[in-house]
Visitor: 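I'd like to ask some things about the structure below.
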Protein chains: 2
Amino acid sequence: MSKNKTFIEIAKALGISPSTVSRALNDHPRISNETKQKVKKLALELDFTLNPMASSFRSNKTQTIGIIVPRISFYFHATVLTVVQNLLWKEGYQLIICQSNDSPEVEKELVNTLYASRVDGVIAATTLYTTDFSHYDILTRKQIPLVFYDRVPVNYYPAQIVKGDDYKGGFEAAEHLIKLGCKSIAHISGPLTCNLYKDRYAGYIDALKKYKIPYRQEMVFFHELSMDNAVESIQKIFKMETKPDGIFTANDTSAIGALMVARELGIEVPKEFKIVGYSNDPRSSIISPGITTIDQHPEIVGQQLAITILDLIRGTETKVELITEPTITPITLTIRESSKVL
Amino acid sequence: MSKNKTFIEIAKALGISPSTVSRALNDHPRISNETKQKVKKLALELDFTLNPMASSFRSNKTQTIGIIVPRISFYFHATVLTVVQNLLWKEGYQLIICQSNDSPEVEKELVNTLYASRVDGVIAATTLYTTDFSHYDILTRKQIPLVFYDRVPVNYYPAQIVKGDDYKGGFEAAEHLIKLGCKSIAHISGPLTCNLYKDRYAGYIDALKKYKIPYRQEMVFFHELSMDNAVESIQKIFKMETKPDGIFTANDTSAIGALMVARELGIEVPKEFKIVGYSNDPRSSIISPGITTIDQHPEIVGQQLAITILDLIRGTETKVELITEPTITPITLTIRESSKVL
DNA sequence: GTGAAAGCGCTAACAT
DNA sequence: ATGTTAGCGCTTTCAC
């Protein structure tokens with residue numbers, strides 16, 4: 001097992017120049033295949049690999065991409081991460097995964113650290129509360145490729161965007177309930193500062209309009225989508241004189257909460273009360289009755305993210321202003337027992 | 001906004017030598033506070049940060065630690081990751097998170113890539129099927145700190161180990177069922193090549209022995225702990241002439257499977273059949289009835305991991321053979337409805 | 001298609 | 001407590 005010093009010994013052994021060895025190892029197009037072969041063979045035999053620190057230092061490329069997610073354990077993000085990582089890994093990039101824990105302060109710190117560690121690009125889903133995106137400016141200013149996904153800037157920000165079709169998701173969720181005969185549909189939404197909830201809410205509203213179902217303000221809640229909050233809201237709903245016969249919640253945790261409250265109160269789901277959640281969290285399928293939900297296809301999102309950031313990084317030398325329209329990834333209504341007609 | 005070149009301009013501006021600036025920026029103990037202050041102040045004003053690539057290159061330290069997990073989305077690992085990352089981040093280390101997807105081949109590749117990227121240390125939970133650990137040799141041979149956790153080498157391997165008290169977990173799970181009056185307790189275990197299942201199984205066996213409950217081989221299953229496998233085994237169990245009145249499953253997915261089969265067959269849980277799982281997966285609390293399970297305290301595991309790897313990295317220059325006994329992290333029996341006496 | 005030569009920005013041994 | 005000095009291993013013009 002050699003000491004893995006430099007490739008100069010390879011150059012010497014082969015009687016060629018160090019620069020040729022470097023180029024051969026890096027698959028430089030102008031090096032003959034024969035030379036490449038020779039060099040790589042010897043490198044393998046000598047158990048030699050390029051020192052990535054030296055390479056990064058010299059070339060100013062780290063082959064590292066940072067990704068900021070609110071929480072690594074959320075099913076949607078976990079799946080996106082897996083896909084992105086696999087894809088980037090194949091292309092020779094490493095992923096630094098960072099969690100903001102939905103704190104804008106942490107997010108800001110993460111951006112700075114990522115910047116300081118000279119990542120080649122950044123992918124980010126912002127926190128629920130990020131309305132000011134100026135902490136990302138350091139990246140755009142220094143031309144570091146940046147792509148937002150899922151939770152993205154609501155107003156224009158000079159970065160690429162990949163997002164799900166939340167409007168359509170909200171619309172289809174509500175429409176589904178309406179077509180099942182629901183006349184009074186509650187909605188649990190997150191803070192409207194977040195594009196996700198704004199769009200899902202808009203879809204819900206438009207579905208009601210389209211089918212001439214009255215919008216009832218007292219049945220619509222805006223708050224962080226935790227189990228506790230959801231339970232509280234749903235308890236309120238069931239205390240009303242005119243109770244709803246269906247609910248669309250902007251995440252699955254809230255849908256599960258709705259199911260639990262209904263169970264406690266002896267309200268039959270789906271017979272008396274139908275539920276549609278959002279995200280297709282695995283929990284929504286193991287619970288009984290299974291919960292109808294909107295699948296966001298995290299694999300597609302992840303794939304799109306990898307493609308986008310790679311394009312940006314590779315195209316960065318040629319064109320500079322290549323920010324295009326947001327990429328909208330599809331959603332699919334996934335029907336389970338919580339909204340089946342009996 | 002400056003061009004962020006080198007700290008030589010800081011040295012010049014302050015009339016001191018570059019090495020002093022370097023030391024000041026790195027909080028070298030032999031630099032006066034006054035100098036440090038001055039240097040840091042100017043660096044801030046100039047928006048200057050050290051180039052980590054140059055630092056890494058020169059010092060041969062990447063300030064990066066790799067962690068290999070079977071799957072990022074598993075609750076236990078997701079929580080461990082979160083804790084480890086937060087702690088390491090605070091100490092100025094970045095975490096490269098890698099997934100083996102439980103494939104020994106991928107695991108091997110990950111170790112090699114991590115090695116090639118000169119990480120300062122590696123943390124790993126091996127795959128379910130890793131019995132040969134020689135692909136980790138490259139790390140130990142090159143003195144790169146390595147700590148295994150959760151799923152660890154069964155035989156001696158020269159690396160630090162952090163693991164849960166699986167024997168105790170298995171014992172307490174079985175004992176709990178026994179004390180509740182169960183006379184016939186089934187067990188769903190994973191492959192015994194994995195320390196986790198071996199130990200939990202041993203605990204189960206010993207509890208049966210202690211309380212003189214007969215061990216019934218036909219009620220014990222060894223297979224990958226997927227939902228499908230679990231459902232299949234449990235269906236078999238309920239087809240037997242003498243049915244069990246309790247089950248201990250080595251993960252929560254299987255426990256959920258057991259619950260679902262029972263539900264389908266109209267067997268009342270916990271009245272006729274009591275269930276204890278393992279891991280305290282969030283799903284075990286949202287399902288109804290809630291599932292009794294063994295909490296592995298991933299936060300404690302994560303904390304221990306961070307401490308251990310940091311110690312190893314920092315002590316690496318002084319002592320070399322400092323591998324100590326495995327660190328055993330505690331478990332807690334968490335009782336829910338699936339094993340309540342009625 | 002290959003070679004020569006010039007550093008990239010930093011750290012650390014040694015000196016004082 | 002601070003300065004001097006010598007590279008770390010690689011990429012990349014520029015030349016042929």
Side-chain angles (χ1 to χ4, degrees), chain A residues 2-40 42-43 46-64 92 115-118 120 142 317, chain B residues 2-40 42-43 46-64 92 115-118 120 142 313-314 316-318:
Chain A
S2 90
K3 278 285 296 172
N4 195 25
K5 294 281 270 188
T6 87
F7 55 61
I8 296 195
E9 43 189 271
I10 296 187
K12 280 186 191 148
L14 261 31
I16 56 180
S17 83
S19 31
T20 303
V21 176
S22 169
R23 285 190 268 245
L25 257 14
N26 284 297
D27 267 325
H28 187 108
R30 281 202 307 229
I31 294 293
S32 73
N33 272 323
E34 195 191 357
T35 307
K36 283 185 189 171
Q37 227 88 84
K38 272 195 318 198
V39 170
K40 287 183 179 173
L42 187 54
L46 260 34
D47 194 27
F48 173 85
T49 52
L50 284 173
N51 180 334
M53 283 126 81
S55 302
S56 294
F57 173 45
R58 189 56 237 260
S59 66
N60 244 309
K61 301 251 168 301
T62 52
Q63 295 293 113
T64 294
Y115 169 68
S117 58
R118 312 292 203 271
D120 291 346
K142 302 275 184 172
E317 291 122 28
Chain B
S2 90
K3 279 286 296 173
N4 196 24
K5 294 281 271 187
T6 88
F7 54 61
I8 295 194
E9 45 189 89
I10 296 187
K12 279 186 190 149
L14 259 32
I16 56 181
S17 84
S19 35
T20 303
V21 176
S22 169
R23 285 189 270 246
L25 257 13
N26 283 298
D27 267 323
H28 187 108
R30 282 202 307 231
I31 294 293
S32 73
N33 272 323
E34 194 191 358
T35 308
K36 283 186 190 172
Q37 228 88 84
K38 273 196 316 199
V39 170
K40 288 182 180 175
L42 187 54
L46 261 34
D47 194 26
F48 173 85
T49 52
L50 284 173
N51 180 334
M53 282 125 82
S55 302
S56 295
F57 173 45
R58 186 58 236 259
S59 66
N60 243 310
K61 301 251 167 301
T62 52
Q63 294 292 114
T64 295
Y115 169 68
S117 58
R118 312 291 202 271
D120 291 346
K142 303 275 183 173
I313 290 175
R314 286 167 180 167
T316 219
E317 290 121 29
T318 50

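Reminder, nothing fancy here: chain letters follow the sequence lines and each chain counts from 1.
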Visitor: Quick check for you: to the nearest 0.5 Å, what is the distance between A:Ile31 atom CD1 and A:Asn26 atom CG?
Guide: 10.0 Å

Visitor: Ignoring backbone atoms, test whether A:Ser17 places a side-chain nitrogen or oxygen under 4.0 Å from the OP1 or OP2 oxygen of C:dG3.
Guide: yes

Visitor: Just how far, in rounded Å, is P of D:dT12 from CZ of A:Phe7?
Guide: 11 Å

Visitor: For the OG1 atom of B:Thr35 and the CD atom of B:Gln37, what is their distance to the nearest 0.5 Å?
Guide: 9.5 Å

Visitor: Between B:Asn60 and A:Met53, is any pair of side-chain heavy atoms under 4.5 Å apart?
Guide: yes

Visitor: Within residues 20-40 of chain B, find the residues that approach DNA chain C with a heavy atom at under 4.0 Å, and present them sorted by residue number.
Guide: B:Ser22, B:Arg23, B:Asn26

Visitor: Using heavy atoms to find the nearest nucleotide of DNA chain D for A:Arg58 and B:Pro18 separately, return the residue whose nucleotide is more 5′.
Guide: B:Pro18

Visitor: Determine the sole option in B:Val21, B:Thr6, B:Leu25 for which the side chain to side chain contact (heavy atoms under 4.5 Å, CB included) test with B:Leu50 is passed.
Guide: B:Leu25

Visitor: With sugar-phosphate meaning primed atoms plus P, OP1 and OP2, does B:Ser55 contact a base, only sugar-phosphate, or nothing at under 4.0 Å between heavy atoms?
Guide: sugar-phosphate

Visitor: Do B:Val39 and B:Ile16 come within less than 4.5 Å of each other through their side chains, counting heavy atoms only?
Guide: yes

Visitor: Rounding to a whole Å, what distance do you find between B:Lys61:NZ and D:dC8:P?
Guide: 17 Å

Visitor: Minimum heavy-atom separation for A:Pro18 to A:Phe7, with atom names?
Guide: O-CE1, 3.4 Å

Visitor: Determine to 10° how strongly the helix from C:dG1-D:dC16 to C:dT16-D:dA1 is bent, judged from the axes of its five-pair ends.
Guide: 10°

Visitor: Looking at every heavy atom in both A:Arg118 and B:Asn51, which two are closest together, and how far apart are they?
Guide: NH2-CA, 3.5 Å

Visitor: Ignoring hydrogens and angles, are the base of D:dT11 and the side chain of A:Ser59 linked by a donor-acceptor pair under 3.5 Å?
Guide: no

Visitor: Which part of the nucleic acid, if any, lies within reach of A:Ile16 when heavy atoms closer than 4.0 Å are counted: base, sugar-phosphate only, or nothing?
Guide: sugar-phosphate

Visitor: Could A:Lys40 and A:Asp27 be called an ion pair, given the rule that one side-chain N must be under 4.0 Å from one carboxylate O?
Guide: yes

Visitor: Rounded to the nearest Å, what distance is computed from the CG atom of residue B:Leu50 to the C1' atom of nucleotide C:dC8?
Guide: 15 Å

Visitor: Expressed in angstrom and rounded to an integer, what is the separation of B:Met53 atom CE from C:dT11 atom P?
Guide: 14 Å

Visitor: Output the rounded distance in Å from NZ (B:Lys12) to P (D:dG3).
Guide: 15 Å

Visitor: How many Å lie between CG on A:Asn60 and P on C:dG9, as a whole number?
Guide: 8 Å

Visitor: Considering only C:dG3, D:dC10, C:dA12, which nucleotide approaches the side chain of A:Asn51 most closely?
Guide: D:dC10

Visitor: Please indicate yes or no: is the ring centre of B:Phe57 less than 5.5 Å from the centre of the six-membered base ring of D:dC8, with the two planes inclined by under 30 degrees?
Guide: yes

Visitor: Please state how far atom CG in B:Leu14 lies from atom C1' in D:dA1, giving the value in whole angstrom units.
Guide: 15 Å

Visitor: Looking at B:Ser55, is its backbone amide N or carbonyl O close enough to the side chain of B:Lys61 to form a donor-acceptor pair, meaning the two atoms are under 3.5 Å apart?
Guide: no

